[in-house]
There are 2 protein chains.
Amino acid sequence: MEADSSLQDRVPRKRRKMQRVTMMDVAKLAQVSPSTVSLYLRKPAAVSPAAGQEIARAISTLGYVPNLVAGGLAAASSKVVSIIVPSIRNAFFAETVSTLQAELAAEGLQVILGHSEYGEDQEEALVRTALSWAPAAVVLTGLSHSTGTRKLLQASGVPVIEMWEIGGKPIDMAVGFSHPQVGASAARHLLSKEGRSIAFLGARMQEDHRAAKRASGFAEEAKRAAEHVTCEIINHPGAATVEAGSLLLSRALQQIPDLDGIACSNDLIALGALFECQRRGIDVPDRIAVVGFGDLDFSASCIPSLTTIRPSGDLIGKEVARLILAGIHGEHPTGASRIIDTGHVLVERRST
Amino acid sequence: MEADSSLQDRVPRKRRKMQRVTMMDVAKLAQVSPSTVSLYLRKPAAVSPAAGQEIARAISTLGYVPNLVAGGLAAASSKVVSIIVPSIRNAFFAETVSTLQAELAAEGLQVILGHSEYGEDQEEALVRTALSWAPAAVVLTGLSHSTGTRKLLQASGVPVIEMWEIGGKPIDMAVGFSHPQVGASAARHLLSKEGRSIAFLGARMQEDHRAAKRASGFAEEAKRAAEHVTCEIINHPGAATVEAGSLLLSRALQQIPDLDGIACSNDLIALGALFECQRRGIDVPDRIAVVGFGDLDFSASCIPSLTTIRPSGDLIGKEVARLILAGIHGEHPTGASRIIDTGHVLVERRST
DNA sequence: AGAATTTATCGTAGCGCTATTATGGGCGCA
DNA sequence: TGCGCCCATAATAGCGCTACGATAAATTCT
C-alpha cells in the first residue's frame, strides 16, 4: 500500500507512479503486445477476434481505464472539443451546448467549456488555454472576435467553428443564422399587424453584438417599409432578464406614448414586458403586440402565449457536431458548405 | 533507393511534427534550459528576474502556447476538473456550472462537462471517460450513483465532490443542502398560511431523486403538523417545464377540489401553475398559495411574484471551487469539513 | 513449388513537458 | 583566505500512449 520513503536509493530515479493499470498491464495479461491493445482500442476490427476477446477480458479484469492524456500527447491531438460561449446561464447557449455535448459524447469526444461573458479579451484568454489542449476543434460564439483570437486560431491549424451567427467572414466554418434578418422578420410581422409605432427592446447591446444586429435589422426594415412608421431601439445595459423587460417596456411607453408593437431581443425580456402590460392593464395584443426571440420554455404557455422567433439552438448544436465529426473523419468541407444557415422561424401565437 | 534498412537503423523514424513552438524553442531563444522555462511557467518567483524577463520576451516573441496535454502527462494529473450534471438546460445547474467554471478558470483549471440526463449508467460512462483525463477533481450531482461509479471513483484516488445534495454518505466530499428539509420548509410555510389541503407538484420524480426527496420531506412535514391536513404528491413523468406546471395544477384541482396550497419542485412548474390559475380565474394567493423552488430569473417579476425557496446554486459553485482549490494546494479537508451545508432560504413574496 | 501479396502482430522512438537530482558560483562567517 | 551552504540553473529520465515501420504468418497468384 504505502512506500516507505526513507531507505530507498536503489533505483537511479524514483518517479511518482500513480496510474494503477496501464495498457502494458493489459497487454501482458492478454499475452499480446501493447501496440495490439492500442490498435484494438482504436480499431477493434483490425485485430483478430480471438485476440480481441482476450484483450477485452483483460481490460475488464483489470478495470483498465485508458489514459487519454497520454493518448492525446502521442497522437498530437486530443479527443477534446473546446466550446466558448458568452454564458451558459443563457438558455440559448445552454441548449446548444447540451445538444453538442450529447452528439460529441456519442463519438467519444469530450467538451471543454469556457465563458467569455461577452468580453473579447476574456475570450482570447480562453482560446489560448483551449489551444493548450490541442483540441480536435474549437467552437466559438458569433463572428466578432479580437484580432489576437483570430491570429491564434489561424496559426494553430485547429478546425474552428463559429456558431449562432452568419453573415460575415468566418475564421474557418460557421453555423447559425442572420441576426439582421431576424430583426427584419420581427418588424415585418409587427407591421403586418398594423403596427405603426414600434420599438425594439434589447439588453446589453453594447456587448452583445448579435442582439445589436437584430435591433438594426429591425430598424432598417421598419424604415424601408413605410415612412409613416416610427421606430425606436431601446437598450438596457444590464443582462437580459424578465425584470429588464418590465423596465424596458416602461421606458418605451414613456418615449412612445402611442406604442403599438414591440420586438424583444429575448423571450425573457418579452415576458417581462408582458407582465408589465398586465400590471398596467394594457391589453396584449390589442393595444400592444409583442414579438419575442428564442422560443424559450415558457413562451408557448404564458398569457397571452408569446409570438416569437425560434432560432433552433439544438439544430445549431447538431450541425456544429456534424462539421466537427466530418473533420475528424477526414472530410473537410469546402466552399459554401463551410457556412451553414440554420435559419429562423417565426412562431405566431396570441401576443400579436 | 533508400529502402535498404535491414542492418542500419541510422535514420530516425519520421514522426508527424505538429506543434509549432515548444518549450525547447523558447529555451533556446531565451538562452536558458527548458527546465528553467518550465520552472518559470510554474513558479515565476523561483527564477531570477533577469532570466524571467528573457523567458517572458521569448514566449511573446514566439507566441508560445504551452501544451497542457504534455504537462498533464508528465505531472500525472491534468489541470482539468470534470463536472457531471443531469442537464445544463436546467437553470439550477447552469448557474452552478457557470460560477464554478469562472472560479476555476481564474486558477488555470479547465472544466470538462458531461450530462447524465438523470441516468446512472450514463453517469458511469461519463465518469469513466472523465477519469481518462486524470482530472484534478470530479464533480458529480447528487448522492445517488451506481455502485460501479462509486468503485471507479474510489479506486482512482481523484478528489470527488458531490454537489446539490447532502444528507447521505458522500464518496468523498459533498456540498449542498438537504432536500427533505426544503420540502419541509415549503410545507410549514403553506401550513402557516392556513393551508389545509396542500399538494406537492413535481416532475420526473422517478429519476430526479432530489425532487422526490423534496416531495417526501413535504409530505412528512404535512403529516407531522396536523392530522386534519390533506396532502398529495403529484408527479409529471416528463421534464419540469412551464407547461408541465399547468398540467399538474389541473390534475391537482381534479384530485383535490378544495386545494388551497401547492409547493412546486421547480419555479418553472410554479410559473405554469400560476398561469393556469390565471386562466381559470383562481386567485393566488387568496384561494391557492403557491411556493416554488429555485428562485429563477422570473420569480421576483411574475404576477403575483413568486414565493420560492432559494437553493443558492452559485454559492454551491463557489464552495465546490473552494474545496477543489484547497485540494490542489495540498490542504485536504477532513472530517465534518468535507460536508458543506449551503442551506436554503425561503423568499416570501406575493404568491403566498 | 516459389514468388508476390496480404494480414495480423510486434518493436520502438518519440509526443512536450515536469520532477528530481546534480552542479556550479556567490555569499556569509570565522 | 577557506569552508560550507544556499540559490539559480541545468541535465536527465521518464509520464502512458500512438504512429510508423518492420516482421512473421497466412494467403493467393504464376
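This structure is a prediction, so every number in the text was calculated from the model and none was measured. What you see below is based on every heavy atom in this structure, not just the backbone, and it leaves out hydrogens, waters and symmetry mates. The chains referred to below are lettered A, B, ... by the order of the sequence lines, with proteins before strands, and numbering in each begins at 1.
- Counting non-hydrogen atoms under 4.0 angstrom, B:Leu39 reaches a base of the nucleic acid.
- When each of C:dA19, D:dA10, C:dC17 is scored by its nearest atom to the side-chain atoms of B:Val32, the top-ranked nucleotide is D:dA10.
- OP1 or OP2 of D:dC17 has not a single side-chain nitrogen or oxygen of A:Arg42 nearer than 4.0 Å.
- The side chain of A:Ser35 places no N or O atom within less than 4.0 Å of a non-bridging phosphate oxygen (OP1 or OP2) of C:dT9.
- At least one side-chain nitrogen or oxygen of B:Ser38 sits closer than 4.0 Å to the OP1 or OP2 atom of C:dT18.
- Residue A:His145 is tested with A:Lys151, A:Glu123, A:Arg150, A:Glu124 for a side-chain hydrogen bond (donor to acceptor under 3.5 Å, both in side chains); the sole match is A:Glu123.
- Panel note: side chain A:Thr96, backbone A:Gly313; a donor-acceptor pair is recorded below 3.5 Å.
- Taking atom CD on B:Glu54 and atom P on D:dA10, their separation rounds to 12 Å, with Å as the unit.
- Around atom CD of A:Gln31, no more than 12 heavy atoms belonging to other residues, nucleotides or ligands sit under 6.0 Å away.
- In this structure, CD1 of B:Ile55 is placed 13 Å from P of D:dA8, rounded to the nearest angstrom.
- Counting non-hydrogen atoms of other residues, nucleotides and ligands closer than 6.0 Å to CD of B:Glu117 gives a total above 12.
- Here the P atom of nucleotide D:dA19 and the CE atom of A:Met23 are 10 Å apart, to the nearest Å.
- Taking atom CG of A:Leu73 as the reference point, atom P of C:dA13 lies 17 Å away to the nearest angstrom.
- Regarding contacts with the backbone of C:dC10, a side-chain N or O of A:Ser33 is found under 4.0 angstrom from either OP1 or OP2.
- Residue pairs that meet the salt bridge (Lys or Arg N to Asp or Glu O under 4.0 Å) test with at least one member in residues 38-61 of chain A, sequence neighbours left out, are A:Glu54-A:Arg57.
- A distance-only check finds a donor-acceptor pair linking the side chain of A:Arg338 to the backbone of A:Pro333 [under 3.5 Å].
- For A:Asn67, taking side-chain heavy atoms from C-beta onward, the closest of the listed nucleotides D:dC17, C:dG11, C:dT9 is D:dC17.
- The interatomic distance linking B:Lys43 (NZ) with D:dC7 (P) rounds to 14 Å, in whole Å.
- The side chain of B:Tyr64 contributes an N or O atom lying less than 4.0 Å from OP1 or OP2 of C:dC17.
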So which protein N/O to nucleotides 5-8 of chain C N/O distances come out below 3.5 Å?
none

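- Between A:Lys28 atom NZ and D:dG16 atom P the separation is 12 Å, expressed in whole Å.
- D:dA8 atom C1' lies 17 Å from atom CD of B:Gln31, rounded to whole Å.
- Checking A:Thr36 against A:Ser33 by side-chain atom types alone, a donor-acceptor pair falls below 3.5 Å.
- Note on the helix from C:dA1-D:dT30 to C:dA30-D:dT1: angle between the axes of the first and last five pairs equals 30°, rounded to 10 degrees.
- A side chain to side chain contact (heavy atoms under 4.5 Å, CB included) with B:Leu113 holds for exactly one of A:Ile83, A:Ile112, A:Val97; it is A:Val97.
- If you take CE of B:Met24 and P of D:dT12, they are 12 Å apart, rounded to a whole angstrom.
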